[in-house]
Amino acid sequence: MGRLIVTQFITLDGVVEDPDGSDGTPFGGWAMQFGPAAIAGDKFSLASILESGVLLLGRRSWEHFSTLWPTRDDEFSQLMNRARKAVVTSRPLPGGTWANSTPVAGTLQGWLTETLASKDVAVIGSGSLLPALVEADAVDEYRLLTFPVAVGSGRRLFGAGARFGLRSAEQSGPAVLSVLDPRG
């Protein structure tokens with residue numbers, strides 16, 4: 001049985017929106033304040049999933065990533081580019097944009113049930129997907145890279161009262177990678 005792992009860059013005050021500043025929000029770019037090395041590479045320890053599992057992305061995240069990753073050739077970028085990518089979208093994907101990308105066939109729940117029967121699935125970014133995944137109680141693990149900054153506004157990952165079990169925490173450059181169990 002596979003696991004559904006959600007990965008996010010996050011601030012101390014729980015904001016996940018616009019870590020690189022590409023959305024143009026007034027508070028955006030908070031992760032980039034620490035330099036590109038702070039977010040580069042396999043910060044979420046996803047190599048095994050990129051090799052044998054599936055990345056699940058929303059359309060907006062996929063469109064943004066498809067402009068970044070195909071032109072890069074470092075080791076982690078090669079993993080990202082080779083990985084199987086499933087995109088939740090109602091529109092066809094443009095051909096040849098980002099290798100190994102296909103739309104999710106059928107319902108998201110049906111796709112998850114079928115895929116998780118044999119593979120791990122990682123969600124990177126894709127804030128619009130998270131409410132549906134949380135509501136379906138599908139998330140098995142959160143991997144959060146928390147940066148030492150509070151931005152005061154923006155979309156937050158969790159609502160008030162959310163509780164988790166801490167599986168591990170370790171410093172990763174200027175941030176902390178925390179692995180959380182949503183079921184306590």
Side-chain angles (χ1 to χ4, degrees), residues 1-20 30-58 61-62 64-65 69 74-80 82-86 88 108-109 111-113 115-151 154-184:
M1 185 75 169
R3 301 168 296 156
L4 179 69
I5 299 166
V6 171
T7 66
Q8 290 284 323
F9 295 122
I10 191 167
T11 65
L12 287 173
D13 56 345
V15 173
V16 294
E17 186 177 4
D18 206 9
D20 64 357
W30 45 266
M32 296 305 292
Q33 294 174 19
F34 301 93
I39 63 170
D42 191 7
K43 296 291 192 246
F44 296 105
S45 300
L46 293 175
S48 65
I49 296 170
L50 295 176
E51 291 170 353
S52 62
V54 183
L55 292 178
L56 177 62
L57 302 160
S61 292
W62 180 86
H64 179 61
F65 291 164
W69 292 106
D74 60 274
E75 186 177 334
F76 182 70
S77 297
Q78 290 174 20
L79 279 171
M80 285 288 286
R82 282 193 310 263
R84 181 175 164 212
K85 294 166 276 293
V88 179
L108 177 58
Q109 186 60 45
W111 182 89
L112 281 172
T113 299
T115 304
L116 288 170
S118 61
K119 293 179 175 35
D120 286 338
V121 174
V123 179
I124 300 176
S126 303
S128 64
L129 289 179
L130 294 181
L133 298 173
V134 170
E135 184 176 313
D137 194 30
V139 179
D140 295 302
E141 181 175 294
Y142 289 94
R143 295 184 188 178
L144 307 178
L145 196 61
T146 306
F147 286 83
V149 62
V151 295
R155 188 178 67 253
R156 286 173 167 70
L157 183 56
F158 305 114
R163 296 194 182 277
F164 306 90
L166 178 63
R167 291 187 184 162
S168 66
E170 64 184 69
Q171 186 168 355
S172 177
V176 173
L177 176 62
S178 301
V179 179
L180 305 176
D181 182 342
R183 294 171 184 92

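Note that the structure is predicted; figures quoted are calculated from it, not measured. Count residues from 1 along the sequence.
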**OP:** With side chain to side chain contact (heavy atoms under 4.5 Å, CB included) as the test, would you mind laying out the steps for Thr7 and Lys43 before giving the verdict?
**Re:** CA-CA 10 Å; Thr7 66; Lys43 296 291 192 246; over 6 Å; no
Subject >> Derivation of the side chain to side chain contact (heavy atoms under 4.5 Å, CB included) call for Glu51 and Leu79 >> reply: CA-CA 7 Å; Glu51 291 170 353; Leu79 279 171; 3.6 Å; yes
Subject >> Closest contact, heavy atoms only, Val123 versus Leu133 >> reply: CG2-CD1, 3.8 Å
Subject >> Carboxylate-amine/guanidinium proximity below 4.0 Å for Asp18 and Arg155 >> reply: no
**OP:** Not counting sequence neighbours, which residues clear ring-ring contact (aromatic ring centres under 6.0 Å, His included) with Phe158? List them please.
**Re:** Tyr142, Phe164
Original post:
With a 4.5 Å heavy-atom cut-off, do Leu177 and Leu144 have their side chains touching?
Top reply: no
Original post:
Between Glu17 and Trp30, which heavy-atom pair has the shortest distance, and what is it?
Top reply: O-NE1, 2.9 Å
Original post:
What is the distance from atom CG of Leu55 to atom CH2 of Trp69, rounded to the nearest 0.5 Å?
Top reply: 10.0 Å
Original post:
Can you check whether Asp137's main-chain N or O pairs, donor with acceptor, with Glu135's side chain at less than 3.5 Å?
Top reply: no
**OP:** Return yes if some donor-acceptor pair links the side-chain N/O of Arg156 with the main-chain N/O of Gly154 below 3.5 Å, else return no.
**Re:** yes
**OP:** Return the minimal non-hydrogen interatomic distance between Gly125 and Ser61, and the atom names on each side.
**Re:** C-OG, 4.0 Å
**OP:** Check whether any side-chain N or O of Thr115 sits under 3.5 Å from a backbone N or O of Trp111 as a donor-acceptor pair, and report yes or no.
**Re:** yes
Original post:
Do the side chains of Leu12 and Thr146 get nearer than 4.5 Å, heavy atoms only?
Top reply: yes
**OP:** For Asp140 and Ile5, indicate whether the former's side chain and the latter's backbone hold a donor-acceptor pair under 3.5 Å.
**Re:** no
**OP:** Kindly indicate whether the side chain of Val6, heavy atoms from C-beta on, has any atom under 4.5 Å from the side chain of Arg143.
**Re:** no
**OP:** For Ser172 and Val176, indicate whether the former's side chain and the latter's backbone hold a donor-acceptor pair under 3.5 Å.
**Re:** no
**OP:** Please confirm whether the backbone N or O of Val151 pairs with a side-chain atom of Asp13, one donor and one acceptor, at under 3.5 Å?
**Re:** yes
Original post:
Is the side chain of Ser126 donor-acceptor paired with the backbone N or O of Leu57 at a distance under 3.5 Å, no angle test?
Top reply: no
Original post:
Hey, is the main chain of Ile49 close enough, under 3.5 Å, to the side chain of Lys119 for a donor-acceptor pair?
Top reply: no
Subject >> Worked verdict on Gln8 versus Leu130 for side chain to side chain contact (heavy atoms under 4.5 Å, CB included) >> reply: CA-CA 11 Å; Gln8 290 284 323; Leu130 294 181; 3.7 Å; yes
Original post:
Side-chain contact, heavy-atom cut-off 4.5 Å: Asp74 with Ser77?
Top reply: yes
**OP:** Look only at the side chain of Asp42 and the backbone of Phe76, and say whether a donor-acceptor pair between them is shorter than 3.5 Å.
**Re:** no
Original post:
How about Leu46 and Ile124: do any of their side-chain heavy atoms sit closer than 4.5 Å?
Top reply: yes
Subject >> Residue pair Val16 / Phe9, side-chain heavy-atom distance below 4.5 Å >> reply: no
Original post:
Got a second to check how far Leu50's CG is from Gln78's CD, nearest 0.5 Å?
Top reply: 12.5 Å
Subject >> Side-chain heavy atoms of Glu141 within contact of Val179, under 4.5 Å >> reply: yes
Original post:
Would you find a donor on one side and an acceptor on the other, under 3.5 Å apart, between the side chain of Asp120 and the backbone of Arg3?
Top reply: yes
Subject >> Close side-chain approach of Ile10 and Leu145, heavy atoms under 4.5 Å >> reply: no
